[in-house]
Amino acid sequence: MSFTHDLKEKLLPVWQQNHTHPFVEELGQGTLDKEKFRYFMVQDYLYLVQYAKLFAVGAVKAEDVETMGAFAKVMDVTMNEEMSLHRQYAKKFGITEQELEQAEPAPTTLAYTRYMLHEGQNGGLAELLAAVLPCMWSYAEIGRKLSTWPGALEHELYGEWVQMYSDDEFQQLADWGISMLDRTAENKPEAEKRKIENIFLTTTRFEYLFWDMAYRLEGWPQT
């Protein structure tokens, strides 16, 4: 049994909460409030900007050319494919590129991305992968799950999102992240494995908070 499989099984109650959050289920059913999804799109764009930086950090920390190239490729896909699709899709909701670039991160977005960057910059490759993997892995699973729900792929507002994250290319990206974490954590001492597990748990919890933030339309206190 692999390190990541054990990790996911150990954290399964938390992991499943992300899959069953009302935001996710209403998105799949096509009943999600449009304003909640609009809010999510803006905050998710801000998240992706910081998320992409971690793959640049991964390329710097890589100890061989092949791994360096893999991280560079994932950064390229994130920056030039996923974010491009994000900008195009955002137009459906009346979100301009200017709004995306000038938006302010919500408290949860700021806390989540700062935590990821801190762990990615200060740890090794295993810590970095533990910080980013819950996002790509859970989105791949959620996209695949929702793609089986009646009408989810064809929904006029949310179908493109389901298509994007159930796509084979995104599934392969998640598989890459899983295998990379297995490889980098394989021979770590138990104390280091516990640290990696804790990072993975923390960002899994942040995934839940991110869905919840969008569902509640979280904002900063007014001054």
Side-chain angles (χ1 to χ4, degrees), residues 4-5 8-9 11-49 51-52 74 77-100 103 105-106 108-109 112 132-178 203-219:
T4 53
H5 185 276
K8 183 181 164 186
E9 286 298 306
L11 308 179
L12 200 56
V14 181
W15 189 265
Q16 289 177 331
Q17 286 179 34
N18 294 333
H19 289 56
T20 58
H21 192 282
F23 186 102
V24 172
E25 297 206 323
E26 290 175 21
L27 188 157
Q29 293 160 358
T31 59
L32 182 66
D33 185 322
K34 184 178 175 181
E35 282 306 305
K36 292 179 180 180
F37 191 78
R38 189 186 193 282
Y39 173 102
F40 169 79
M41 288 293 288
V42 173
Q43 292 300 314
D44 197 41
Y45 183 83
L46 298 177
Y47 171 89
L48 284 172
V49 173
Y51 174 79
V74 178
V77 169
T78 304
M79 291 291 297
N80 298 314
E81 292 183 29
E82 190 173 0
M83 288 177 70
S84 176
L85 287 170
H86 210 92
R87 285 190 290 268
Q88 293 171 35
Y89 190 25
K91 292 175 183 176
K92 264 194 169 186
F93 297 86
I95 305 168
T96 64
E97 290 191 22
Q98 183 179 25
E99 182 179 351
L100 289 173
T108 296
T109 306
Y112 187 2
V132 300
L133 185 56
C135 177
M136 65 170 72
W137 192 357
S138 66
Y139 270 49
E141 287 192 352
I142 288 168
R144 192 165 60 242
K145 179 183 82 167
L146 297 186
S147 71
T148 67
W149 291 17
L153 286 167
E154 296 78 32
H155 192 274
E156 60 177 347
L157 293 179
Y158 308 134
E160 286 182 48
W161 191 94
V162 178
Q163 291 167 30
M164 186 186 309
Y165 292 107
S166 61
D167 181 80
D168 285 345
E169 185 177 2
F170 194 81
Q171 301 297 316
Q172 290 164 12
L173 179 63
D175 289 342
W176 170 82
I178 292 165
T203 49
T204 298
R205 286 169 167 165
F206 266 124
E207 279 297 305
Y208 180 89
L209 292 175
F210 202 89
W211 295 122
D212 204 57
M213 167 195 76
Y215 199 71
R216 294 182 294 102
L217 301 174
E218 176 188 274

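Residues take their numbers from the sequence shown, with the count starting at 1. Computed from heavy atoms alone, side chains included, the values below leave out hydrogens, waters and symmetry copies.
A distance-only check finds a donor-acceptor pair linking the side chain of Arg38 to the backbone of Gly94 [under 3.5 Å]. A donor-acceptor pair is defined here as one N or O able to donate and one able to accept, closer than 3.5 Å; such a pair exists between the side chain of Gln171 and the backbone of Ala140. For Lys92 (side chain) and Tyr158 (main-chain N/O), no donor-acceptor pair under 3.5 Å exists by modelled atom type.
Defined by atom type and a distance below 3.5 Å, a donor-acceptor pair is present between the side-chain atoms of Glu82 and Tyr165. Side chains of Glu141 and Trp137: a donor on one and an acceptor on the other come within 3.5 Å.
One finds the CZ atom of Arg205 at 14.5 Å from the CG atom of Asp212 (value rounded to the nearest 0.5 Å). Here the straight-line distance linking atom CD of Gln43 with atom CG of Leu100 works out to 10.5 Å at 0.5 Å rounding. Rounded to the nearest 0.5 Å, atoms NE2 (His155) and CD (Gln163) are 12.5 Å apart. Atom CD of Gln16 sits about 12.0 Å away from atom OG1 of Thr204, to the nearest 0.5 Å. The structure places OG1 of Thr78 at 6.5 Å from CG of Leu173, a figure rounded to the nearest 0.5 Å.
Ring geometry for Phe93 against Phe37 counts as tilted: the plane angle lies between 30° and 60°, on a 0 to 90° scale. Using bins of under 30°, 30° to 60° and over 60° for the plane-to-plane angle, the ring pair Tyr139/Phe170 lands in the tilted bin.
When all heavy atoms are compared, the tightest approach of Leu153 to Ser166 is CD2-OG, 4.0 Å. The heavy-atom pair separating Ile142 from Trp211 by the smallest distance is CD1-CZ2, 3.9 Å. Of all heavy-atom pairs between Val42 and Ala103, the closest is CG1-CB, 3.4 Å. When all heavy atoms of Ala214 and Phe23 are compared, the pair lying nearest together is CB-CE1, 3.6 Å. When all heavy atoms are compared, the tightest approach of Phe210 to Thr109 is CE1-OG1, 3.5 Å.
Considering only heavy atoms from C-beta on, Cys135 comes within 4.5 Å of Tyr47 through its side chain. Within the 4.5 Å cutoff, the side chain of Leu217 has no heavy atoms near those of the Asp33 side chain. No side-chain heavy atom of Val24 sits less than 4.5 Å from a side-chain heavy atom of His19. Side-chain atoms of Ile178 and His5, non-hydrogen and from C-beta on, never get closer than 4.5 Å to each other. Side-chain contact between Tyr112 and Tyr51: absent, with no pair of heavy atoms (C-beta onward) separated by less than 4.5 Å. Side-chain contact between His86 and Leu48 is present, with at least one heavy-atom pair separated by less than 4.5 Å. Counting heavy atoms from C-beta on, the side chains of Leu12 and Glu9 come closer than 4.5 Å. Contact check for Trp161 versus Phe40: side-chain heavy atoms found under the 4.5 Å cut-off.
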**OP:** Would you sort out whether Thr203 and Glu207 count as a side-chain hydrogen bond (donor to acceptor under 3.5 Å, both in side chains), showing the intermediate values?
**Re:** CA-CA 6 Å; Thr203 49; Glu207 279 297 305; over 6 Å; no
**OP:** List the steps and the verdict of side chain to side chain contact (heavy atoms under 4.5 Å, CB included) for Glu81 and Glu169.
**Re:** CA-CA 11 Å; Glu81 292 183 29; Glu169 185 177 2; 3.3 Å; yes
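Remark: Thr20 pairs with Glu25 by the side-chain contact (heavy atoms from CB on, under 4.5 Å) rule, at least two apart or across chains. By the side-chain contact (heavy atoms from CB on, under 4.5 Å) test, Glu218 is found to be paired with Tyr39, Ala106, Pro107, Thr108, Met213, Arg216, residues two or more places apart in sequence or in another chain being considered. Residues passing the side-chain contact (heavy atoms from CB on, under 4.5 Å) test with Gln17 are Tyr208, sequence neighbours excluded.
At most 12 heavy atoms of other shown residues, nucleotides or ligands fall within 6.0 angstrom of atom CE in Met79.
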